Undergrad: 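Before anything else, here's the structure in question.
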Protein chains: 2
Amino acid sequence: MADSHPPASAEKPGATSPAPAVTRAAAVLDALAASATGRLTLSDLSREVGIPKSSTSNLLLALEEARLISRQGGEFTLGRKLVELGAAYLGRMDEVQEFYRYCEQASVLSRETVRIAMLDGTNVIYLARYEGHPAVRLTSNIGDKMPVSLCAVGKALIARLNWHDIEEMFPDGAELPVLTPKSLRTGAELKAQLSQIREQGFAFEDEESTTGVVCLAVSVPTRGAHGPSLGLSVTALKATYTPEQGSQMVKELQELAHSLGNPMG
Amino acid sequence: MADSHPPASAEKPGATSPAPAVTRAAAVLDALAASATGRLTLSDLSREVGIPKSSTSNLLLALEEARLISRQGGEFTLGRKLVELGAAYLGRMDEVQEFYRYCEQASVLSRETVRIAMLDGTNVIYLARYEGHPAVRLTSNIGDKMPVSLCAVGKALIARLNWHDIEEMFPDGAELPVLTPKSLRTGAELKAQLSQIREQGFAFEDEESTTGVVCLAVSVPTRGAHGPSLGLSVTALKATYTPEQGSQMVKELQELAHSLGNPMG
DNA sequence: GCTGAGCGTTCACTCAACTGAACGCTATCC
DNA sequence: GGATAGCGTTCAGTTGAGTGAACGCTCAGC
């Protein structure tokens, strides 16, 4: 956990929510998701979220009734309803369906491993994966989170942000998480790549998350006002990767990104 | 809940929740998940869930702040936070990781499509899928729900319940959902299979959910006191399926189920 | 241009949800 | 064995969240 946030102070001190119980319930869910074991007692949660035990107890009863959490003995865990809701979110995204359809019929991408991801703070979350290339079996799964600095799609996504936000997220000296010897180490190294990514219109990852694997990624132009920032990536083995192949992949990724961003086109 | 559900009367009339705002917020999420388009306006939600617009507005503001929903113009959709929470729920289950590891190295299963699911009322929810057999591309995805009567894993899971609960869920005359000509039609038909499933230790599905496809499934012995009921299934094409292959698959499924149920073994 | 239906928002009143101190209970410790 | 610390639950007072009527707004229809 590189992020310095004090464990789970999910409640804004000054701001007052129009439905505090809901805000606090969400904080409880966050605390459970963030905890190491995924199991917390009432007292743990009360302490973590910063609300009285009696109130926490009421929240937990309501959350349990809604199956958003589950009680096992004296411990609470996230509830299975969350799987349903998360799946409903994914299943409903037109983008995901369009993504599959395009990959199936693309000339180069149809034989590769392609993923669609969204930006979430300093991480990306993988939403769906098309596997046209069964030989490459990757560890990442739907719903997985990955620091933006470690993957092409992350770099492609933050390259679209304004510099002020980027500076705030990644000060020059910021230490980045490392997975391979080629992983970027500092905020400065990361930012050095962004202007190039902006110019050429795609991001490249050279064994920065997995040795032997390279990635290409583009961002999807935001559709509508507040849609999530989506990105597309394709993964290839470095051993067989060629620049010619790469430029064709980028071309198809950009075509897909364009059609995702402009549903009418 | 033999739900002939009136759209989304998520609020119990008599019962009073210890934190109504949370219960109602959960009902809002359900309504969004259940809606056809996944996009509802404030008025839609107010009508659907049965609470005043002003209160709904407050709930939506709080939910939006927590990123559990997202507002796009005048319409609301489920929020990306749900993907994270759902993934946190899944990621925390040791079972899923162990499931993948085992499938990778199994002699028969490693070449098939294997899934792990959990019981949720009269449905099963698919938690993870291993695809060792890329030729068989199925429509079901992680998080999908399926009535228990229509799949092998559903039958395997309810076979473990006590008769009283089963009778309550599936009275003899109960009409079951139908997907193919071979789908089971009534509670009586379903229950007739259960004792056999208990005796032989696995469940079989013969084109009951998809024509041309057969499934084998076993249930995982419940680990600990209140863990969710997990089941495993393997899917095969009827055209190429042989009983010899089937018995080997069952053997491996049972082995996996046993190791999932007894983490020390 | 006028009307009406439907949308989301605002606001003062009121009832019920939140609080925190006290309780009973179960380990754990010396 | 008695004392302590920590757990979750209970309960009455009070504050703050929920209510619904009224508002301003947009869009369709005639």
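Predicted, not measured: the structure shown is a model, and the values here were computed from it. Every chain is numbered from 1 and lettered A, B, ... according to where its sequence line falls, protein lines coming before strand lines.
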Undergrad: Is the closest side-chain heavy-atom distance between E84(B) and R67(B) below 4.5 Å?
TA: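 They are in side-chain contact.
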
Undergrad: Testing the basics here: between A66(B) and A26(A), what is the closest heavy-atom pair and its distance to 0.1 Å?
TA: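 What the structure gives for the nearest pair is CB-CB, 3.5 Å.
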
Undergrad: Could you say whether P52(B) or S43(A) is positioned toward the 5' end of DNA chain D, judged by the nucleotide with the nearest heavy atom to each?
TA: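 Going by which nucleotide is closer to the 5' end, it is S43(A).
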
Undergrad: Could you go through V153(B) and I116(B), starting from their C-alpha distance and side-chain angles, then the distance that decides it, and tell me whether this counts as side chain to side chain contact (heavy atoms under 4.5 Å, CB included)?
TA: CA-CA 9 Å; V153(B) 69; I116(B) 185 167; over 6 Å; no

Undergrad: Of V148(A), V124(A), D120(A), which is the lone residue that meets side-chain contact (heavy atoms from CB on, under 4.5 Å) with L157(A)?
TA: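 That would be V124(A); it is the only one of V148(A), V124(A), D120(A) passing the side-chain contact (heavy atoms from CB on, under 4.5 Å) with L157(A).
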
Undergrad: Whole Å only: how far is the CG atom of N58(A) from the C1' atom of dA17(D)?
TA: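 Result: 15 Å.
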
Undergrad: Calculate the interatomic distance between L63(B) atom CG and dA17(D) atom P; express it in whole Å.
TA: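 Interatomic distance, CG of L63(B) to P of dA17(D): 15 Å.
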
Undergrad: Give every pair of a protein N or O atom and an N or O atom of nucleotides 9-11 of chain C that lie under 3.5 Å apart, one pair per line with the distance.
TA:
{"from": "dT9(C)", "atom 1": "OP2", "to": "S57(B)", "atom 2": "OG", "distance (Å)": "3.4"}

Undergrad: Hey, does the Lys NZ or Arg CZ of R71(B) hover above the aromatic six-ring of F76(B), less than 6.0 Å from the centre and inside 45° of the axis?
TA: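 R71(B) over F76(B) ring: no.
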
Undergrad: Measuring to OP1 and OP2 of dG8(D), would you say a side-chain N or O of R47(A) lies under 4.0 angstrom away?
TA: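 So the side-chain polar atoms of R47(A) never come under 4.0 Å of the phosphate oxygens OP1 or OP2 of dG8(D).
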
Undergrad: From CD of E75(A) over to C1' of dG8(D), roughly how many Å is that when rounded to an integer?
TA: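 Spelled out: CD on E75(A) to C1' on dG8(D) is 14 Å.
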
Undergrad: Could you check A21(A) against G74(A) and say which one's nearest nucleotide on DNA chain D is further toward the 5' end?
TA: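 Counting from the 5' end, the first nearest nucleotide belongs to G74(A).
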
Undergrad: Using atom CD1 of I51(B) as one end and atom P of dG8(C) as the other, report the distance to the nearest whole Å.
TA: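 Answer to the nearest Å: 14 Å.
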
Undergrad: Rounded to whole Å, please give me the gap between CG in D44(B) and P in dC7(C).
TA: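 From D44(B) CG to dC7(C) P: 7 Å.
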
Undergrad: Thinking salt bridges, do D44(B) and R39(B) make one under a 4.0 Å N-O criterion?
TA: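 Result for this pair is no, no salt bridge flagged.
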
Undergrad: What's the closest nucleotide to the side chain of R24(A) if the choices are dG8(D), dC18(C), dA17(D)?
TA: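 Among dG8(D), dC18(C), dA17(D), the one nearest the side chain of R24(A) is dC18(C).
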
